[in-house]
> 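Below are the structure tokens for one structure; questions will follow.
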Amino acid sequence: MMNNIKFGFSWIGLIVFLLPMLINIVYVILPPKNAPTTQQETNKILEIIEQSTRMLYMLAIVFLVSKEKVDFTSAWMFIGLIFLILYYMVWFRYFLGGRDVDLLGKKFLFVPMPLAVFPVIYFIFEAIWLNNYIAVLFMLIFGIAHNIISYNAFS
């Protein structure tokens with residue numbers, strides 16, 4: 001696994017990481033109209049796992065580069081992009097729906113917690129596309145922690 005990876009800088013990895021983050025800038029500018037006034041208590045250990053594996057994924061996808069050539073016709077890339085589009089569709093539903101916080105946890109195409117599920121799947125497929133299995137591992141761990149935290153927040 002490590003024989004195929006070298007330290008470097010990947011513009012593609014940086015773009016892969018930033019694409020889902022762009023919509024969060026809009027969310028900060030246009031927060032929910034009916035946001036809860038109190039924050040729900042969360043499991044601190046899960047939060048640490050979630051935050052650290054998010055950062056480790058970012059570092060891995062940007063600074064650990066596969067020695068294999070990137071294939072821009074790969075099905076992995078296109079499947080990942082489908083999940084990115086689905087992620088953006090859920091955000092558009094939220095913004096067009098009057099920024100109602102309940103829309104953030106509502107099912108989309110029968111998928112529960114789509115804002116927790118879609119980006120994780122996107123990140124996994126894009127890391128597979130880039131032959132970066134270390135990033136895949138970090139995202140799997142992140143995804144488990146993130147989905148547990150999201151489930152607890154929306155339950």
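Sequential numbering from 1 along the given sequence is applied to the chain's residues. In this text the structure is predicted, and so the values were computed from the model without any measurement.
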> Any heavy-atom pair between the side chains of Asn132 and Phe138 that's under 4.5 Å?
no
> Could you check whether atom CD1 of Ile45 has more than 12 heavy atoms from other residues, nucleotides or ligands sitting under 6.0 Å from it?
no
> Just by distance, do the side chain of Tyr122 and the backbone of Ile85 share a donor-acceptor pair under 3.5 Å?
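Flag not set: sc Tyr122 to bb Ile85 has no pair under 3.5 Å.
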> Check whether the ring centres of Tyr94 and Trp91 lie less than 6.0 Å apart, and answer yes or no.
yes
> Once side chain to side chain donor-acceptor pair (under 3.5 Å) is applied, what residue pairs with a partner in residues 108-120 remain, sequence neighbours excluded?
none
> With under 30° as parallel and over 60° as perpendicular, where do the rings of Phe17 and Tyr57 fit, or are they tilted in between?
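Judged by the thresholds at 30° and 60°, the geometry between Phe17 and Tyr57 is tilted.
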> Indicate yes or no: at least one non-hydrogen side-chain atom of Phe95 is less than 4.5 angstrom from one of Ile23.
yes
> Run the side chain to side chain contact (heavy atoms under 4.5 Å, CB included) test on Trp76 and Glu126 for me, step by step, so that the C-alpha distance in whole Å, both residues' side-chain angles and the decisive distance to 0.1 Å come before the verdict.
CA-CA 7 Å; Trp76 297 112; Glu126 297 308 297; over 6 Å; no
> Can Met139 and Val120 be said to form a side chain to side chain contact (heavy atoms under 4.5 Å, CB included), step by step?
CA-CA 7 Å; Met139 186 48 54; Val120 169; 4.2 Å; yes
> Check whether Trp129 reaches the backbone of Asp71 with its side chain - one donor and one acceptor, N or O, closer than 3.5 Å.
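Checking the backbone N and O of Asp71 against the side chain of Trp129, a donor-acceptor pair under 3.5 Å is found.
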> Test side chain to side chain contact (heavy atoms under 4.5 Å, CB included) on Val65 and Phe7 and set out the steps.
CA-CA 6 Å; Val65 183; Phe7 286 102; over 6 Å; no
> Angle class for the Phe108/Phe118 ring planes (parallel below 30°, perpendicular above 60°, tilted otherwise)?
perpendicular
